[in-house]
Number of protein chains: 2
Amino acid sequence: MGRMPDATLAEGLTVGQVSARLDVTVRALHHWDDIGLARPSLRTRAGYRLYTAGDLERLHRIVVYRELGLDLDRIRAVLDGSTVDLPAALRAQRAQVAQRIDRLRQLGAGLDRMIAVHERGLLLTVEQQAAIFGPEWNPDWPARARQRYGDTTQWQQYAERAASRSPEEWQAIADAVADLDRALGDAVEAGVAPGSAEANRLVERHREVFGAYFPLTRQMQVCLGRMYEADPGFAAHYDGIRAGLATWFRRSVDASARAHGIDPDTATWQ
Amino acid sequence: MGRMPDATLAEGLTVGQVSARLDVTVRALHHWDDIGLARPSLRTRAGYRLYTAGDLERLHRIVVYRELGLDLDRIRAVLDGSTVDLPAALRAQRAQVAQRIDRLRQLGAGLDRMIAVHERGLLLTVEQQAAIFGPEWNPDWPARARQRYGDTTQWQQYAERAASRSPEEWQAIADAVADLDRALGDAVEAGVAPGSAEANRLVERHREVFGAYFPLTRQMQVCLGRMYEADPGFAAHYDGIRAGLATWFRRSVDASARAHGIDPDTATWQ
DNA sequence: CTCCGGCCTCACGCGACGTGAGGGTCAAGC
DNA sequence: GCTTGACCCTCACGTCGCGTGAGGCCGGAG
């Protein structure tokens, strides 16, 4: 330690000294030398780079423009005067920055949506949910579904799909759900028997509709049917459409499952 | 043209078909295959990649996460389930995006400052200018200076320095200018003669103060002195400090220039 | 003379592909 | 059966601005 202080090397500064003064890495100085952007005016006999005051001035200008995000070619053009219209170049750069900010904002919004789906099960606000799914909708349902699913791959895939759906697509799903609810109510009223062809068709339709919502196996559908009947919130909703619907639906799903070789009493989520 | 339509290749889709469906480049598919992120389940005898429905599902998930800005390693972790906590990864990514937006905003602000300096000669608003330089300040001056300088390298360098100056530094310059103005007024009152040692010192001080403002040669200073006297705006300002100051200053600069071997009658800008 | 910190010149690595080069494959039309 | 033209394959280098060693020379202090 105790090398000669900077000031006494009046001929020029070495890379390390310049690095400290301008807060750039030594490697960057080497690079700028390599590509001819900023070469030192002097070298010692041993080949050490020595930057003069004039060199420092140029380096400083490079640092300024680099902090503005210009790439080295554009900086070279500016410093060498071949860019007649510097303000135009700056404005172009400004536009590019604005674009990149925009892109990042969209990206952030996408991430927010995905995060929201993972946290709350839906990306819509409570108001939007009510507007789409109707006043009967219980905002707790998605969260409850999430409790069931936990951190399974199934849930991940649901989240991915949910996050990439537009509000219009949500509306389409909500319409399909409403249609289905009506059809189920009509079936109960018409006395359709669980296990009948008609009931099985409705069960399949339910699986399709909610399959667009999340990946739904027959086993899972059985569990869902039982939840509809057992959970007060769900039961109230379905019985509100038509008295006895919750139970009718559970029995229909069970029958359909049995028809597909599944024992509804041992079915599990997953 | 007239290749077999996609649907008939029920075994799987070729790279081109997948490329069209998922809007990714063929090269990206090759790359993902190379690094083992998404390899096709099948190959034809000729070595053509064939992506099955399952492959497509995985590819689709990759596209989703890629659009969220995750790098391929993280996507791999998510898809292969080795990332237990996907929401945490998403939030980390979100934070990174926010940071990058911040950085870009600062960068944009820097560009705006630089552009403002190039367009109007100063980066301060008219109010800030008045607050710093006092009520006598004429907001047109920097623009007028720009007219003179045009698009020279000199002006570029001035702009760079101006853009990287903080308001505090501007205040320091304004203080120095005010001090100088007072000193010039005092000199006129004290009857200091142009060409005297005292006058020369003041001329030098003027050159230093404005040298911090923009690079000022002695020749340019001569032109500036003449402008102070000839331009009604400038003249009013200086004569307002002390009657006759504009003329006194022009004569002092001329004398100082002559003392340095410059003919003030042939001096030019630049 | 030795030591240690600084300097030098290669030269690979990064991240996610783009962009040819050079050559095989496939279905259709003649 | 042959040509044609779109499509596919595998290398392999280029991108952008350096980071990060490896291996070795230089220079001043003790």
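The figures here come from the full heavy-atom set of this structure, side chains too, leaving out hydrogens, waters and symmetry mates. Convention: sequence-line order gives letters A, B, ...; per-chain numbering from 1. All figures in this text were calculated on a predicted structure; none of them were measured in a lab.
Listed by chain and residue number, B/Arg39, B/Arg43, B/Arg49 satisfy the side chain to side chain donor-acceptor pair (under 3.5 Å) test with B/Asp33 (two or more places apart in sequence, or in another chain).
Note: CD (A/Gln17) to P (C/dG5) measures 17 Å, nearest angstrom. The OH-P distance, from B/Tyr51 to D/dC8, rounds to 11 Å in whole Å. With rounding to whole Å, A/Asp23 atom CG is found 15 Å from D/dC18 atom C1'. Counting to the nearest Å, the P atom of D/dC16 and the CD atom of A/Gln96 are 12 Å from each other. Remark: C1' of D/dC8 and CG of B/Leu13 are 15 Å apart, rounded to the nearest angstrom.
In the set D/dG17, C/dC26, D/dC8, the nucleotide with an atom closest to the side chain of A/Leu72 is D/dG17. Between C/dT25, C/dC17, D/dG27, one nucleotide has an atom nearer to the side chain of B/Arg66 than all others, and that is C/dC17.
Of the residues in residues 24-41 of chain B, those lying under 4.0 Å from DNA chain D by heavy-atom distance are B/Arg27, B/His30.
Remark: the B/Tyr48 side chain and the C/dG24 base include a donor-acceptor N/O pair separated by less than 3.5 Å.
A salt bridge links A/Arg207 with A/Glu204; the closest basic N to acidic carboxylate O contact falls under 4.0 Å. Checked for salt-bridge contact, A/Asp71 and A/Arg74 meet the test: a charged N lies under 4.0 Å from a carboxylate O. A salt bridge is defined here as a Lys NZ or Arg NE, NH1 or NH2 lying under 4.0 Å from an Asp or Glu carboxylate O, and B/Arg205 with B/Glu208 fails to meet this definition.
In terms of position along DNA chain D, the nucleotide closest to B/Gly47 lies nearer the 5' end than the nucleotide closest to the other residue of the pair B/Gly47 and A/Ala46. For B/Asp73 and B/Thr44, each mapped to the nucleotide of DNA chain C holding its nearest heavy atom, the one lying further toward the 5' end belongs to B/Asp73.
One finds no side-chain N or O of B/Arg45 lying less than 4.0 angstrom from the OP1 or OP2 phosphate oxygen of D/dC9. Residue B/Arg49 places at least one side-chain N or O under 4.0 Å from the OP1 or OP2 atom of D/dC9. In terms of phosphate contacts, A/Arg43 brings a side-chain nitrogen or oxygen within less than 4.0 Å of OP1 or OP2 of C/dT9.
Under the side chain to side chain contact (heavy atoms under 4.5 Å, CB included) test applied with A/Leu50, the options A/Asp55, A/Val18, A/Thr14, A/Leu13 reduce to a single match, A/Thr14.
Atoms OG1 and CD, from B/Thr44 and B/Glu11 in turn, are 11.0 Å apart once rounded to the nearest 0.5 Å.
Side chain of A/Arg58 to main chain of A/Leu37: a donor-acceptor pair is present (N/O by atom type, distance under 3.5 Å, no hydrogens or angles).
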